[in-house]
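In what follows, a single structure is set out as structure tokens and then discussed.
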Amino acid sequence: MPGMPPSPSSPRFAYLGPEGTFAEAALSRAIATAGGRRDPQPSVAAALAAVRSGDADAALVPLENSVEGSVPATMDGLADGDPLVITREVYLDVAFVLAVRPGTAPAAVRSVASHPHALAQTSGRLAELLPGLSPLPSASTAAAAAAVAAGEVDAAVCAAIAAERYGLDTLVDDVADHPGAVTRFVLVSRPGPLPAPTGNDKTSLVAIVGDRTGALLELLREFAVRGISLTRIESRPTRERHWFYSFSMDCEGHVADSRVGEALAALHRVCDDVRFLGSYARADGRENRAVPPESSDEAFVEAGQWLAGVRAGEI
Ligand SMILES: O=C(O)C(=O)C[C@]1(C(=O)O)C=C[C@@H](O)C=C1
């Protein structure tokens with residue numbers, strides 16, 4: 001697959017498991033035609049570690065949800081540690097069911113578990129359906145379903161496919177507070193050849209700005225002056241020094257595009273640190289904004305030729 005280091009045999013894909021997670025469904029979509037081995041992992045951190053160690057060629061992990069926002073384990077796991085790059089993004093509709101062991105009556109439900117992101121997306125409905133219960137966090141929605149099957153918990157908030165996979169009954173369909181949520185997953189690999197530009201790409205990066213007035217404005221200006229639109233920006237604690245933040249962001253365009261490459265080079269000059277997190281095909285169904293003529297690759301080539309002429313004393 002583009003952007004992935006060559007693998008001696010068929011590629012190995014780590015994902016947030018066990019079987020039946022939304023991450024597994026997103027992986028099936030990402031590698032529909034690619035084949036390869038699937039290795040469920042107990043956490044996002046474990047899935048990323050498997051890629052870093054070489055046990056897996058790529059990992060499919062959740063990055064952000066349209067209702068609940070970013071997934072901290074993924075944001076921080078990509079910002080720290082040995083570099084990894086995103087080679088692909090996948091958007092998946094997420095709908096949750098309340099699943100129980102067959103024969104469990106609603107009144108018999110005394111505990112409910114799920115992934116914290118799923119619990120956050122269903123907290124209102126759960127409070128109505130199961131008043132007085134404090135939901136328990138689990139490593140994933142499918143891990144919660146497996147815990148119900150094992151008799152460790154009475155109910156799970158999970159995908160319908162996980163309920164089926166673990167032999168559970170659906171007590172309530174669609175328990176989301178805001179139905180129609182979408183989760184954005186990313187496929188990440190060790191750095192290698194980048195996916196080729198498609199003309200409708202995104203680039204992701206993490207930047208740490210200096211501790212001085214206007215530093216964030218300087219960073220943003222490098223995108224604005226080159227006609228590059230940002231599609232996401234959020235701050236995360238660096239965790240190395242208290243109250244110091246990094247900015248995780250996505251912009252339109254591919255690092256092979258002159259304007260994006262120049263913006264990243266400029267960030268490298270004005271920021272304390274910049275980590276490139278990949279350029280990959282945009283998959284949210286939207287088209288990048290039209291590039292202003294003065295920011296096109298042709299305009300950069302022409303300007304470079306003009307400058308070379310000036311330096312050669314031709315003007
Ligand atoms: O637990 C899962 O099934 C996952 O794939 C994780 C995850 C997440 O981290 O956001 C993915 C989609 C849903 O928003 C809830 C949980």
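Every number for a ligand or one of its atoms is a count from 1 in the order of the listing. Because the structure is a prediction, the values reported are computed rather than measured.
Counting heavy atoms from C-beta outward, T203 and D257 have side chains that stay 4.5 Å or more apart. Inter-residue side-chain proximity for Y280 and K202 is flagged as met; some heavy-atom pair is nearer than 4.5 Å.
When hydrogens are left out, the protein atom nearest atom 5 (O) of ligand 1 is A23 N, 3.0 Å; that is the closest non-hydrogen contact. If you check which protein heavy atom lies closest to atom 11 (C) of ligand 1, you get F185 CZ, 3.9 Å.
Using a 4.0 Å cut-off to heavy atoms of N65, the atoms of ligand 1 that qualify are 14 (O). When each atom of ligand 1 is checked for a heavy atom of H117 under 4.0 Å away, the hits are 8 (C), 10 (O).
Considering backbone and side-chain N/O of T183, one or more are found under 3.5 Å from N/O of ligand 1. Polar contact with ligand 1: absent for L16 (N/O pair, distance under 3.5 Å). Note: no N/O pair closer than 3.5 Å links S140 and ligand 1 by distance alone. Between P62 and ligand 1, no pair of N/O atoms sits closer than 3.5 Å.
With distances taken over non-hydrogen atoms, the option nearest atom 16 (C) of ligand 1 out of E68, H115, Q121 is H115. Taking each of V67, V44, T141 in turn, the one with a heavy atom nearest to atom 3 (O) of ligand 1 proves to be T141.
We find that R212 and E218 are joined by a salt bridge, their nearest charged nitrogen and carboxylate oxygen being less than 4.0 Å apart. Salt bridge status for E234 with R232: present, with a side-chain N to carboxylate O gap under 4.0 Å.
Judged by distance alone, the side chain of D201 and the main-chain N or O of S279 form no donor-acceptor pair under 3.5 Å. In this structure, T122 contributes its side chain and V175 its backbone to no donor-acceptor pair below 3.5 Å. Side-chain atoms of S70 do not come within 3.5 Å of backbone N or O of P72 as any donor-acceptor pair.
For the pair E24 and ligand 1, no heavy-atom separation below 4.0 Å is found.
Taking a 6.0 Å sphere around CD1 of I161, one finds it holds 12 or fewer heavy atoms contributed by other residues, nucleotides or ligands.
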